[in-house]
Student: 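Take this structure, written in structure tokens, and hold onto it; I'll ask about it next.
To find a chain, count down the sequence lines: A is the first, B the second, and so on, and within it residues start at 1.
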Protein chains: 2
Amino acid sequence: MKTDLRVVKTKEALQEALLILLKEKTLNSISVTEICLKAKVNRGTFYSHYGQIENLFEEYFKEIMKDLITSYQEPYKHVQILITSELNPSTIRIFHHIEKYKKFYRIVFSKNAPLSYYYLLFDQIKELLKNDLALNGEKEIDIAMISAYQANAIVGMVIEWSKQDFQHSANYLNQQLVRILNVN
Amino acid sequence: MKTDLRVVKTKEALQEALLILLKEKTLNSISVTEICLKAKVNRGTFYSHYGQIENLFEEYFKEIMKDLITSYQEPYKHVQILITSELNPSTIRIFHHIEKYKKFYRIVFSKNAPLSYYYLLFDQIKELLKNDLALNGEKEIDIAMISAYQANAIVGMVIEWSKQDFQHSANYLNQQLVRILNVN
DNA sequence: GGTTTTATTGAACAGTTGTTTAATAAAAAG
DNA sequence: CTTTTTATTAAACAACTGTTCAATAAAACC
């Protein structure tokens, strides 16, 4: 099962066309026709690969998710002493990753973005946190539930952050997270 | 500034048409043309009021949000065996409300639903929780952040719940929430 | 009840959508 | 290099979109 070169080419062309158009206008003012025109790809070909523009963006967003994983796993390095013992230091990197790609997260968190983008982020953070999850003999806890709880709590902060157009620094978010966790 | 009777009538007609169509097919297979045909309303009139179908559903969803508020504020009755350590009396009402309207929350949490629905729910829960928020002299905590954190944590559980098509009971969700809060 | 204001209508518009078809061109396989 | 396989293309399709316009009808106002 090789990947046909033609497929790779057209997908790349469509990806790039979308990125170019996103610099000029908003995601849902962009039409399929327009993307295909810029990518020099037949409209039928677009539909056979993606079906809708959202799926094209989603494919790009998956690349960004890869950066989230590596960012999360990369320990300390960029952190300036800050940390308390209460906070899992890896968590820290999530906010920095988002700050780095805030241009795209503005789209992800915009009102008419489909939930599918949100879910990609949510599922990824859930997965990352799940590995670090230490349940001290709490047998009755539904792992899926507590992971969803913790992951989405962090995304909640990001939503708040995005609503203020990412004015705060990533470090501020970390600081707040530490304090919130200490309240409980 | 009175509300013109004609406006009320057309909006009601459009609302009802949407609800009827939602029983037959999914939200994004429904066209504006179709709604207007069923509502006996001119397409131009639809556009002058809503612009897109999502806004029509949003208006309906706001009605459901009113139920969330009254549900949350109404004193708790439905439980037979009341174990105080296992019950979080305020949040259980949120879970019951969602269970009651799960038919609509399936739409709200579907992959291609716009984030705007999510935000309506999130903002409402945030608001409800904010009133009950007791910060014991934690001056440095950003109220907006901790509210977003807590509200979205609960919504996170609901996402997980919806991904299992609301198979669990509202009581199960609440039980889990209590246990999760005790871990911290 | 008569007048004024304003929401709704119908019709038309160019443009987009999503799908399908046979023809073509490009890659893979031998 | 030749054959086979398969992705892409162009063209055409009915349907839907979003917008605009003057004409009409229905409320609001006094």
Side-chain angles (χ1 to χ4, degrees), chain A residues 1-60 62 107 110-117, chain B residues 1-60 62 107 110-117:
Chain A
M1 190 122 128
K2 293 241 180 100
T3 40
D4 196 312
L5 276 187
R6 288 169 295 185
V7 177
V8 177
K9 279 181 195 168
T10 48
K11 283 197 170 186
E12 278 176 0
L14 289 169
Q15 290 282 357
E16 206 190 311
L18 179 60
L19 288 187
I20 291 169
L21 288 169
L22 275 176
K23 293 185 180 173
E24 298 168 16
K25 48 201 320 207
T26 70
L27 183 59
N28 50 9
S29 73
I30 298 172
S31 69
V32 175
T33 306
E34 204 170 2
I35 293 172
C36 293
L37 213 72
K38 183 139 295 194
K40 291 185 177 66
V41 165
N42 189 271
R43 212 155 46 79
T45 309
F46 172 92
Y47 281 109
S48 78
H49 283 308
Y50 296 106
Q52 49 180 323
I53 297 175
E54 283 71 22
N55 295 338
L56 181 57
F57 184 86
E58 200 169 306
E59 195 172 81
Y60 183 77
K62 281 178 184 163
I107 297 173
S110 65
K111 285 186 85 173
N112 32 19
L115 260 186
S116 56
Y117 307 159
Chain B
M1 193 126 118
K2 291 240 179 107
T3 39
D4 195 311
L5 276 187
R6 289 169 294 185
V7 176
V8 177
K9 280 180 195 170
T10 48
K11 284 198 170 186
E12 277 175 0
L14 289 169
Q15 290 281 357
E16 207 189 312
L18 178 61
L19 288 186
I20 291 169
L21 288 170
L22 275 177
K23 294 185 179 174
E24 299 167 16
K25 48 201 322 207
T26 70
L27 184 58
N28 51 9
S29 73
I30 297 172
S31 69
V32 174
T33 305
E34 205 171 1
I35 293 171
C36 293
L37 213 71
K38 183 138 294 193
K40 291 185 175 66
V41 165
N42 190 272
R43 214 155 45 79
T45 309
F46 172 92
Y47 280 109
S48 77
H49 284 308
Y50 296 106
Q52 51 180 322
I53 297 176
E54 283 70 24
N55 295 338
L56 181 58
F57 184 87
E58 198 169 308
E59 195 173 80
Y60 182 77
K62 281 178 185 164
I107 297 172
S110 65
K111 285 186 84 172
N112 32 21
L115 261 185
S116 56
Y117 307 159

Student: Is atom CD of B/Glu16 surrounded by more than 12 heavy atoms (other residues, nucleotides or ligands) closer than 6.0 Å?
Tutor: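 Not buried by this count: 12 neighbours or fewer within 6.0 Å.
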
Student: Listing time: all N or O pairs from protein to nucleotides 21-25 of chain C that are below 3.5 Å?
Tutor:
none

Student: Does the side chain of A/Leu18 reach to within under 4.5 Å of the side chain of A/Leu27, using non-hydrogen atoms?
Tutor: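 They are in side-chain contact.
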
Student: Send over the distance from A/Asp4 CG to D/dT6 C1', rounded to a whole Å.
Tutor: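 After rounding, the gap between these two atoms is 7 Å.
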
Student: Taking atom NZ as the centre, does A/Lys25 end up with more than 12 heavy-atom neighbours from other residues, nucleotides or ligands that are less than 6.0 angstrom away?
Tutor: yes

Student: Please check this pair: side chain of A/Tyr117 against backbone of A/Glu54, looking for a donor-acceptor N/O pair closer than 3.5 Å.
Tutor: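 Flag set: sc A/Tyr117 to bb A/Glu54 pair under 3.5 Å.
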
Student: D/dA27 phosphate, OP1 or OP2: any side-chain N/O from B/Lys9 under 4.0 angstrom?
Tutor: yes

Student: Check B/Tyr50 against B/Asn55 and note the closest heavy-atom contact, atom names and distance.
Tutor: O-ND2, 2.6 Å

Student: In whole Å, I'd like the distance from the CD atom of B/Glu12 to the P atom of C/dT8.
Tutor: 12 Å

Student: Looking only at heavy atoms, which two atoms of B/Ser116 and B/Glu58 are closest? And how far apart?
Tutor: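 Closest approach of B/Ser116 to B/Glu58, heavy atoms only: OG-OE1, 3.2 Å.
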
Student: Could you identify which residues of residues 38-59 of chain B place a heavy atom less than 4.0 Å from some atom of DNA chain C, listed by residue number, or say none?
Tutor: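 Correct list: B/Lys40, B/Val41, B/Asn42, B/Arg43, B/Thr45, B/His49.
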
Student: Find the distance between OG1 (B/Thr45) and CG (B/Leu14) and round it off to the nearest 0.5 Å.
Tutor: 8.0 Å

Student: Using a 4.5 Å cut-off on heavy atoms from C-beta on, say whether the side chain of A/Leu115 contacts that of B/Leu115.
Tutor: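 In contact.
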
Student: Could you give the distance from NZ (A/Lys11) to NE2 (A/His49), rounded to the nearest 0.5 Å?
Tutor: 6.0 Å

Student: Could you measure the distance from the OG atom of A/Ser31 to the CZ atom of A/Arg43? Nearest 0.5 Å is fine.
Tutor: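 A/Ser31 atom OG to A/Arg43 atom CZ measures 9.0 Å (nearest 0.5 Å).
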
Student: Let's see if you get this right: which residues in residues 13-36 of chain B place a heavy atom under 4.0 Å from DNA chain C?
Tutor: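 By residue number: none to list.
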
